[in-house]
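See structure below.
Fair warning: this is a prediction, and the values are worked out from it, not measured in the lab.
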Amino acid sequence: MNIGDRVILVTFNGLTDSSRNIDSTENYWKLINKKGVVVKDPAEQGKYASFSKEKKLLVKFDDNLEELNLNAHNNIENALWILETDLSKVVKRGVTGDTH
């Protein structure tokens, strides 16, 4: 996936729901099936986050994270670092590939 791609969150940390009791402000599973766009954090040197062993992308969600009562501590409003494996690329109808 590349900067500017439209994506949908299909899992969070590889799971479709939280396997444990978690604070509502960290229940990012609320964002499953929500769409956004891969963006670049202007404070980052590289294209992708380098603080994880697995590739993460900064996704600016269409939904307001504050209204969903979710913590987000990034330079870009409504954006979270998400594992690339938790995302599926959104494609327009009639285009071959993923059908999200």
Side-chain angles (χ1 to χ4, degrees):
M1 288 182 212
N2 298 300
I3 293 170
D5 285 347
R6 293 276 304 154
V7 294
I8 186 167
L9 188 70
V10 293
T11 56
F12 183 74
N13 288 336
L15 302 171
T16 56
D17 59 37
S18 173
S19 59
R20 58 186 168 86
N21 191 12
I22 138 175
D23 187 279
S24 65
T25 61
E26 295 181 1
N27 185 2
Y28 298 105
W29 289 268
K30 292 179 193 177
L31 293 170
I32 289 179
N33 294 319
K34 302 290 187 177
K35 295 178 183 174
V37 64
V38 178
V39 296
K40 183 176 190 283
D41 182 337
E44 288 292 317
Q45 294 294 324
K47 187 173 179 180
Y48 304 106
S50 59
F51 54 82
S52 173
K53 290 181 183 177
E54 297 181 66
K55 186 175 178 182
K56 288 190 175 187
L57 304 172
L58 187 59
V59 176
K60 181 177 179 6
F61 285 92
D62 298 341
D63 293 76
N64 184 315
L65 300 183
E66 188 175 302
E67 287 178 5
L68 292 172
N69 193 36
L70 294 173
N71 289 330
H73 306 289
N74 295 296
N75 295 322
I76 298 174
E77 188 175 43
N78 300 319
L80 295 169
W81 288 102
I82 302 290
L83 290 170
E84 184 177 35
T85 54
D86 286 333
L87 300 167
S88 180
K89 197 171 179 180
V90 175
V91 295
K92 296 176 185 172
R93 293 185 186 269
V95 177
T96 57
D98 198 347
T99 57
H100 290 285

Heavy-atom pair of closest approach, residues Asn69 and Ser24: ND2-OG, 3.3 Å

With sequence neighbours excluded, residues passing side chain to side chain donor-acceptor pair (under 3.5 Å) with Asn13: none

side-chain contact (heavy atoms from CB on, under 4.5 Å) partners for Lys60, two or more places apart: Val37, Val39, Ile76, Asn78, Ala79

Spatial distance of atom NZ (Lys56) from atom CG (Leu87) [nearest 0.5 Å]: 11.0 Å

Distance in Å, Phe61 CZ paired with Leu80 CG, rounded so as to fall on 0.5 Å steps: 5.5 Å

Passing candidate, side-chain contact (heavy atoms from CB on, under 4.5 Å) with Lys40, options Leu58, Leu57, Ile3: Ile3

Test item: Lys30 side-chain N/O and Leu68 main-chain N/O as donor-acceptor pair under 3.5 Å: yes

Pairing residues for Asp5 by the side chain to side chain donor-acceptor pair (under 3.5 Å) criterion, not counting sequence neighbours: none

Leu31 side chain near Leu65 side chain, heavy-atom distance below 4.5 Å: yes

Under 3.5 Å donor-acceptor, Trp29 side chain and Leu15 backbone: yes

From Lys89 atom NZ to Asn2 atom CG, the distance as rounded to the nearest 0.5 Å: 6.5 Å

Within residues 62-73 or reaching into it, pairs that qualify as salt bridge (Lys or Arg N to Asp or Glu O under 4.0 Å) - sequence neighbours excluded: Arg6-Asp62, Lys34-Asp63

Polar side chain donor-acceptor pair, Thr11 to Asp86, under 3.5 angstrom: yes

Partners meeting side-chain contact (heavy atoms from CB on, under 4.5 Å) with Glu26 (sequence neighbours left out): Ile22, Tyr28, Asn71

Partners meeting side chain to side chain donor-acceptor pair (under 3.5 Å) with Asn27 (sequence neighbours left out): none

Working for side chain to side chain contact (heavy atoms under 4.5 Å, CB included), residues Ile82 and Phe12: CA-CA 8 Å; Ile82 302 290; Phe12 183 74; 4.0 Å; yes

